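What follows is one structure encoded as structure tokens, with my remarks underneath.
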Amino acid sequence: MNPNVVHQYYKKTLGEFTILVRVDPVTFDGLELIVHKNGEIQKTERTFDEEIYEDLDADEFEEASPLEFNLYLKGLVK
């Protein structure tokens, strides 16, 4: 992860879980968090392409807060 890049964050809530996505707008590398209602968190590193923004829009993801993403990533909320 390049510390000089401002990442973009997206979120979608589906019934029993929430999906949070971090996208590096330069390399299109990303990290996906699936947060289950029971507090379990799955982390998956992703490599996207330049069409990721259209895909996120088509899948009805909304822009999200970097703070929320990082709180889940660090395990500070469940």
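Given the structure is predicted, the values throughout are model-derived calculations rather than measurements.
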Would a 4.5 Å heavy-atom cut-off, applied to side chains only, mark [X] and [Y] as touching?
X     : Y     : result
Tyr9  : Val23 : no
Phe61 : Val21 : yes
Ile19 : Leu14 : yes
Phe28 : Asp49 : no
Gln42 : His36 : yes
Val77 : Tyr72 : yes
Lys37 : Phe17 : no

Neighbour count above 12 (heavy atom, 6.0 Å) for Glu54 CD: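 Yes, enclosed.
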Distance in Å, [X] [atom1] paired with [Y] [atom2], rounded so as to fall on 0.5 Å steps:
X     : Y     : atom1 : atom2 : value
Ile52 : Asp29 : CD1   : CG    : 11.5 Å
Arg22 : Lys43 : CZ    : NZ    : 10.0 Å
Asp55 : Tyr10 : CG    : OH    : 11.5 Å
Leu31 : Asp24 : CG    : CG    : 11.5 Å

Identify whether [X] and [Y] are in the same connected component of the hydrophobic contact network (ILVMFWY, side-chain heavy atoms under 4.5 Å).
X     : Y     : result
Leu20 : Ile34 : no
Leu76 : Leu33 : yes
Leu56 : Val6  : no

Side-chain (Asn70) to main-chain (Leu73) donor-acceptor, under 3.5 angstrom: no
Asp57 (side chain) donor-acceptor with Tyr53 (main chain) under 3.5 angstrom: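 No: the side chain of Asp57 does not pair with the backbone of Tyr53.
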Charged N-O contact under 4.0 Å between Glu62 and Lys11: no
